[in-house]
Number of protein chains: 4
Amino acid sequence: MLEELKKEVYAANLLLVKYGLVIFTWGNVSGLDAASGLFVIKPSGVAYDDLRAADMVVVDMEGKVAEGKLNPSSDTLTHLEIYKNIKSVCGITHTHSKWATVWAQAKRGIPALGTTHADYFYGEVPCTRDLTDDEIKKEYEKNTGRVIAEAFLGRDPMSVPAALVASHGPFAWGRSAVHSVENAVVLEEAAHMAYASATLKEGILPMQKSLLDKHFLRKHGKDAYYGQK
Amino acid sequence: MLEELKKEVYAANLLLVKYGLVIFTWGNVSGLDAASGLFVIKPSGVAYDDLRAADMVVVDMEGKVAEGKLNPSSDTLTHLEIYKNIKSVCGITHTHSKWATVWAQAKRGIPALGTTHADYFYGEVPCTRDLTDDEIKKEYEKNTGRVIAEAFLGRDPMSVPAALVASHGPFAWGRSAVHSVENAVVLEEAAHMAYASATLKEGILPMQKSLLDKHFLRKHGKDAYYGQK
Amino acid sequence: MLEELKKEVYAANLLLVKYGLVIFTWGNVSGLDAASGLFVIKPSGVAYDDLRAADMVVVDMEGKVAEGKLNPSSDTLTHLEIYKNIKSVCGITHTHSKWATVWAQAKRGIPALGTTHADYFYGEVPCTRDLTDDEIKKEYEKNTGRVIAEAFLGRDPMSVPAALVASHGPFAWGRSAVHSVENAVVLEEAAHMAYASATLKEGILPMQKSLLDKHFLRKHGKDAYYGQK
Amino acid sequence: MLEELKKEVYAANLLLVKYGLVIFTWGNVSGLDAASGLFVIKPSGVAYDDLRAADMVVVDMEGKVAEGKLNPSSDTLTHLEIYKNIKSVCGITHTHSKWATVWAQAKRGIPALGTTHADYFYGEVPCTRDLTDDEIKKEYEKNTGRVIAEAFLGRDPMSVPAALVASHGPFAWGRSAVHSVENAVVLEEAAHMAYASATLKEGILPMQKSLLDKHFLRKHGKDAYYGQK
């Protein structure tokens, strides 16, 4: 089932290697089939070199394996919670990419300091609150997805398609598995630049609101004019 | 028209990939044909892998497409403004290269701290002032070019062939498209070194004036003695 | 003798090059044959390009060469002391990998700041005390192994399979030569992230205890559920 | 003349590219033929891709070209001054490698913070004083060599085979052209580590004297026991 989506999710997982976002098995990409409510995800702990499209695991909205011989990613229930809570998301990428993780370990959101950031993220990429000890002990992976959703209360998560989980690392999403990887790549670059700008200039402030608007909206939304028609 | 220049500008755009200055479609190089007042520039949002010399767009000094099926770079009017305001420029490179962008995000010019910088840039590489909200809302790309020119009032922009646009990133220029890329590469290296020197030594001061003179002038100008005749 | 182990240790040494942990001859991996009490180690000062499996040196628990024409690594007696003092270790990796060495030079242990660290190291990776001048002058290599063991008094060295030697660099270990290299790779990544998080946020604190428990124990121990069965 | 030395110096220059120490034409290696007092050096401003062994320039101890059609490196008179002033040097490498240059721009010597440094450099790698304006205006390249020699008054430059020229970059030397490149590679690595250790730990102090002695002397001098006989 969902053979095309498996191929797409498989290819998206390999992009993590291409873009240098993962070491060993540290990352996973999933893709949602909105029609059936099933999603496809990388199996847990399998090396990228050994991975095949056929190994992808199909999971339903209860978190049960609908097809596949391998265990799905240990982060599966976090993916599930994001799909449930954030409308329009059809792909999710989780990594421990270096610079986004650096901010997550510092428990700080990544401020919008320049147009590189603004071209993809319409404002600060938030960092979640700490989970409580109880939330960690029971339903840890599900609760991780919940605090991500919580970090977007009053904001549109499709205009800031990523979050940092405190003391953990980044999740990025998008309209497809491949889009979520693209957002994860940009997040990593923006995180590195923001680290360096923040250590170069103490008390650095976010960019002007009007410039943030200009850059995000020239690439996204109804009046976008970047790229080809 | 301008088939040779298209090939040169195409090749110069690919150098951005070779030297690691770009991710995805984040950069563009243009080249001016001084005789006709037309310039050739990368199309907007096209991946470097898919780019062909024939895709290059020819633009006139009014900012209108003189030849080409694709939209020119969204930064085209900034290139145009630089060609209009800075005499002798025949090539321009714009990127979001990491370390130059770090300084742009900190809204600080890159000080001349050593001979690596001085061999190419005769003093600090300036950072522009912020655009006003009005300048951002109307004619944003044109105004970006204007504040670059403004940053060189009283200075010779051909002896400091680059500027940082605040909260954005670097523009570099030169006597040809390829020269502008070379200057962008050096700018990136100088920006990285300056970041590290500035974080290693608080309150770091620019290099001696006499050493700056020596290095810039042994490579540039009538008494240059670096390289082969 | 121990031809299979020689091949394994040889291959593990080459992984140091693959993962970018070494320059020139700066690193060595050994593997223990628990049954005979002999271990196999890289010869001293031989370039990785010139290395062959047959060059591996077999050493006994007195530190004497049991087989091999070349001198064993100058760090052999440190490996020996670790094998003697830390039960269950069957592989040891020593490198001067950049970021772990940065912490060793600062004489600071690497704090557990996030789940990347917690997935492999159950708490801070300790830094040894300084050796005394006498310990350096006499039996230096052996004493280096001793202060590593000393750093784990009251802790389980198999749940934190690495240590930093002050003003020197990291040693990592594991259930085999290859596992020790894997731990050395993770240590390097965790060290880099911790450096950046610590310079981004002054006075950074270790992660929550409950999160550290959750991540270490979901990958290790009897209730582990990461990966495939 | 000196065809073998030309090949060696040519190969040593290409090592600068292999080890990532240079961009464009920013670096040069020379080698001395002690018997004749002639040295061989890279021509000025020639790209490494275009370089051939036959392009190497032979220079005498007066700084005159003894053989070769191309101009020698613009740094030739600095090399010459080092050969004149530092006994036993038969190879010199000059680069603008990133991390060594970062320290040079901060006008700080690189402290001996760990055994990586101590294995090659017996103490701090010094940074020269600033040249006076007069020294820059007249005989600049020769005076650069002089302040390097001056930085070693009372120290043995063969046990610390490198120096940083203030606001400029590193020079390294050795018993041959290739050895000088090896020392330049180690210097760059030690410089990067020292930068990070110093920014991680304010007021960091050099390593213990006894540990510095141990590591330098186990690799160098009459009682060395590192490597193979």
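Proteins come first, then strands; the chains are lettered A, B, ... in the order of their sequence lines, and each starts at number 1.
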Checklist entry - Which heavy-atom pair separates D:I136 from B:S210 by the least distance, and what is that distance? => result CD1-OG, 3.3 Å
Item to check | Between B:M207, B:K214, B:K219, the one whose heavy-atom pairs under 4.5 Å with chain D are most numerous | outcome: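 When all of B:M207, B:K214, B:K219 are compared, B:K214 has the most.
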Item to check | Side chain / backbone / both / neither for D:T25 at chain B, heavy atoms under 4.5 Å | outcome: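 Interface part for D:T25: both.
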Checklist outcome for this item: If one checks every heavy atom of D:D134 against chain B at 4.5 Å, the contacting part turns out to be neither
Checklist entry - Does CZ belonging to D:R146 count more than 12 external heavy atoms closer than 6.0 Å? => result yes
Of all the residues in [range], which have a heavy atom that comes within less than 4.5 Å of a heavy atom in chain B?
| range | result |
| --- | --- |
| residues 103-122 of chain D | D:W103, D:Q105, D:A106, D:K107, D:R108 |
| residues 42-51 of chain D | D:P43, D:S44, D:G45, D:V46 |
| residues 181-205 of chain D | D:Y195, D:A198, D:T199 |

Item to check | For chain B, the option from D:V165, D:L70, D:T101 that forms the most heavy-atom pairs under 4.5 Å | outcome: D:L70
Checklist entry - Say you draw a straight line from CD of B:Q208 to OG of D:S167; how long is it, rounded to the nearest 0.5 Å? => result 6.0 Å
Indicate every side-chain donor-acceptor pair of residues 12-23 of chain D with a distance under 3.5 Å to a residue at least two apart or in another chain.
unit_1 : atom_1 : unit_2 : atom_2 : d
D:N13  : OD1    : D:V29  : N      : 3.0
D:N13  : ND2    : D:V9   : O      : 2.9
D:N13  : ND2    : D:V29  : O      : 3.2

